[in-house]
Each structure stands twice: as structure tokens, then as C-alpha cells.
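As C-alpha cells, the structure follows; a few thoughts come after it.
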Amino acid sequence: ITHDGWTIELLSAIEDEVSGYMLFRVTAPEGYPLEPEKDDREGNVIFGNFSRMHFQTARPDLLKASDGVSLGSWGFQWAEDGDGKANTRNFVLHLAPSKAASSVDPFGPEAKYSIYISDIVRETMDEKYYKQLMLTKDNGQDGVRFTEEELNKIYRQELLAESTWEFTVTF
């Protein structure tokens with residue numbers, strides 16, 4: 001699926017009776033390297049609903065399971081694609097549904113997983129300001145809370161592609 005010159009495609013989905021893995025490829029327009037930076041000055045290219053700024057304000061709506069499936073835990077990780085091109089990269093979405101809490105087999109034909117990727121942004125972080133705030137914030141039971149104004153100073157985002165990529169997976 002291509003929007004604004006950015007392509008995200010589902011390459012494969014496998015499960016091992018405990019965990020599910022979905023492998024995606026992202027292809028950016030020429031001139032947008034997706035390889036990890038040695039430092040954070042150039043910024044990280046990330047999905048808007050899974051950026052550090054968004055993660056601070058609310059759990060990202062990246063993955064939803066169908067009725068009867070207890071999602072349990074899940075995670076996201078960039079992965080090398082091996083093609084030698086700077087503008088392509090893979091990512092893996094890992095999920096560990098709770099079989100005991102699910103009323104249907106999490107990897108059976110009636111279990112569906114919907115993946116929503118909203119926007120692509122380049123996000124930079126003002127680490128000096130972040131560290132300064134951390135010295136003055138109360139680290140309560142729920143962790144450190146930032147105001148919207150503070151988050152806008154900590155994280156700066158440049159919108160690269162505005163769209164939503166949607167996928168449905170059945171294992």
C-alpha cells in the first residue's frame with residue numbers, strides 16, 4: 001500500500017503456538033534514509049502513532065485483536081532487510097496473546113488482528129531539555145507525566161507522509 005510515496009507491505013505472518021510475528025517492509029522515497037542513526041540529531045523516522053511523543057500521551061492504536069482474543073503483550077522492532085538500500089527497512093510486530101484468557105484460539109481462523117499505521121514522521125528529541133525536566137519531575141507510581149507543552153518541546157516532529165495504512169492478519 002503506497003501513500004505520499006511511502007510504501008508499507010506485509011511480507012509474512014507466522015506463529016509458533018505461543019507468539020505471532022508479522023514482518024513488514026517500509027520503502028521510503030529516495031532521499032529518506034531509514035537506517036538507524038548513530039546519534040539522534042538527524043531524527044528517527046517512525047510511525048506517528050508509535051512515536052515517542054505519542055507513546056507518552058496514550059497507548060498507540062497500532063494493533064487490535066478480534067473479539068474473543070486476549071491480546072496480552074506486543075512489541076515493535078525495526079529489522080535489517082539486507083537489500084543494501086538506505087530507503088528500505090523491515091519491521092517486525094510481535095504479539096503474545098493470552099491463550100488462557102481468550103475464548104477463541106488466538107491463532108485459529110476466527111482470530112483476526114488489525115494493524116493501523118498512522119502517518120510517518122521524523123522525530124527529534126531535545127535531550128538536554130528532557131534531562132532538565134526529569135530532575136524537577138516527580139517520578140510517581142505511574143511514572144513521570146509531562147504536559148502537552150513540555151512534550152512539544154521535548155519531541156519535534158516533521159510530517160513526512162499523512163495517511164493510514166491498514167492490514168488484517170489471520171494466522
* **Partners passing side-chain contact (heavy atoms from CB on, under 4.5 Å) against Glu149 (at least two apart in sequence or in another chain)** => Thr147, Lys153
* Kindly write out the residues that satisfy ring pair (Phe, Tyr, Trp, His ring centres under 6.0 Å) with Phe24, not counting sequence neighbours, or none if the list is empty. => Phe91, Phe167
* Of all residues at least two apart in sequence or in a different chain, which pass the side-chain contact (heavy atoms from CB on, under 4.5 Å) check with Asp67? -> none
* Kindly state each residue pair satisfying side-chain hydrogen bond (donor to acceptor under 3.5 Å, both in side chains) with at least one member in residues 93-102, sequence neighbours excluded. => Ser19-His94
* **Test of ring centre spacing under 6.0 Å for Phe47 and Phe76** => yes
* Is Leu34 reachable from Val92 through a run of I, L, V, M, F, W or Y residues, each pair having side-chain heavy atoms under 4.5 Å apart? -> no
* Geometric cation-pi criterion, Lys64 with Tyr113: 6.0 Å, 45° -> no
Which pairs of donor and acceptor atoms, one on a side chain in residues 1-14, lie under 3.5 Å apart (sequence neighbours left out)?
residue : atom : partner : partner atom : Å
Thr2    : OG1  : Thr7    : OG1          : 2.6
His3    : ND1  : Ser163  : OG           : 3.3
Asp4    : OD2  : Glu162  : N            : 3.0

* **Set of residues satisfying side chain to side chain donor-acceptor pair (under 3.5 Å) with respect to Asn90, sequence neighbours excluded** => Arg25
* Asked: Looking at residues at least two apart in the chain, or sitting in another chain, which of them share a salt bridge (charged side-chain N to carboxylate O under 4.0 Å, His left out) with Glu15?
  -> none
* **Contact check, side chains of Tyr21 and Asp16, non-hydrogen atoms, under 4.5 Å** => yes
* Going hydrophobic residue to hydrophobic residue with side-chain gaps under 4.5 angstrom, can you get from Leu95 over to Tyr116? -> no
* Structure fact -> Heavy-atom nearest pair, Gly108 first then Thr170, reads O-CG2, 3.9 Å
